[in-house]
Each structure stands twice: as C-alpha cells, then as structure tokens.
Amino acid sequence: MFKSGFLLTKPEQIAAAIFNKSDVTVWQDGRILDYGGPIESQTEHSVAINGANYLKENCEFRIR
C-alpha cells in the first residue's frame, strides 16, 4: 500500500500499516532510532514496535 520511505503522520495511516503488517523504521531528529519492524499497536500518544513504545510527538514512523 505504501512505498518505501513513506512518512506515517495520521492515526489512519498507522492503522493501515498495522493491518498490512508493514515494516516501519523509527526516526528521531533526522536519524534512525530503531530499524523497527511491523507496528504492534498504537494509542493516542504512542506506537508499539517489537515491545517498545515510541512517542508520536518525538518520533517519525516511515515505511521500510
């Protein structure tokens, strides 16, 4: 559905990535924070990937 490098900015986009089991990388301050994997879940404020929670306000989530 999404191309490599696509920035997930909306909860609906994150939900679609969860549904499609898309691999996602986590970025912070222009650097890769975690090579991630598929998103497990999201809340209003965070995204869970591989058992770790990342705050939406501090991180960017991009399709790998």
Side-chain angles (χ1 to χ4, degrees):
M1 177 175 179
F2 301 116
K3 292 185 177 187
S4 180
F6 184 85
L7 178 62
L8 303 169
T9 58
K10 300 176 183 171
E12 296 82 11
Q13 293 169 332
I14 295 172
I18 293 169
F19 179 79
N20 291 318
K21 298 181 180 6
S22 301
D23 285 332
V24 174
T25 54
V26 182
W27 292 70
Q28 187 173 26
D29 299 325
R31 295 182 170 183
I32 294 177
L33 182 63
D34 191 338
Y35 283 96
I39 299 173
E40 297 165 349
S41 64
Q42 72 171 323
T43 67
E44 183 179 344
H45 302 288
S46 68
V47 172
I49 302 172
N50 292 330
N53 289 311
Y54 300 96
L55 293 176
K56 291 180 179 180
E57 68 181 47
N58 296 334
C59 298
E60 291 182 340
F61 307 96
R62 295 185 181 268
I63 298 296
R64 189 165 6 147

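All heavy atoms count here, side chains included; hydrogens, waters and symmetry mates do not.
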For this session: With rounding to the nearest 0.5 Å, note down the distance linking SG in Cys59 to CG in Asp34.
Result: 9.5 Å

Exercise. Does any non-hydrogen side-chain atom of Val24 lie less than 4.5 Å from one of Ile63?
Worked result: yes

Exercise. Closest approach of Pro38 and Asp23, non-hydrogen atoms and distance?
Worked result: CD-OD1, 3.2 Å

Seminar exercise, completed: Closest non-hydrogen contact found for Gln28 with Asn58 is CG-O, 3.3 Å

Exercise. Please, which pairs that meet ring-ring contact (aromatic ring centres under 6.0 Å, His included) have at least one residue in residues 18-64, sequence neighbours excluded?
Worked result: none

For this session: Write out all pairs satisfying salt bridge (Lys or Arg N to Asp or Glu O under 4.0 Å) with one or both partners inside residues 44-62, taking only residues at least two apart or from two chains.
Result: Glu60-Arg62

For this session: Go through the structure and list residues passing side-chain hydrogen bond (donor to acceptor under 3.5 Å, both in side chains) with Ser46, not counting sequence neighbours.
Result: Thr43

Exercise. Do any pairs count as a side-chain hydrogen bond (donor to acceptor under 3.5 Å, both in side chains) and have a residue in residues 5-18, sequence neighbours left out, and if so which ones?
Worked result: Thr9-Gln13

Problem set entry | Contacts of type side chain to side chain contact (heavy atoms under 4.5 Å, CB included), residue Ile18, not counting sequence neighbours | Ile14, Ile39, Gln42

For this session: For residues Asn50 and Gly37, report the shortest heavy-atom separation together with the two atoms involved.
Result: ND2-N, 4.1 Å

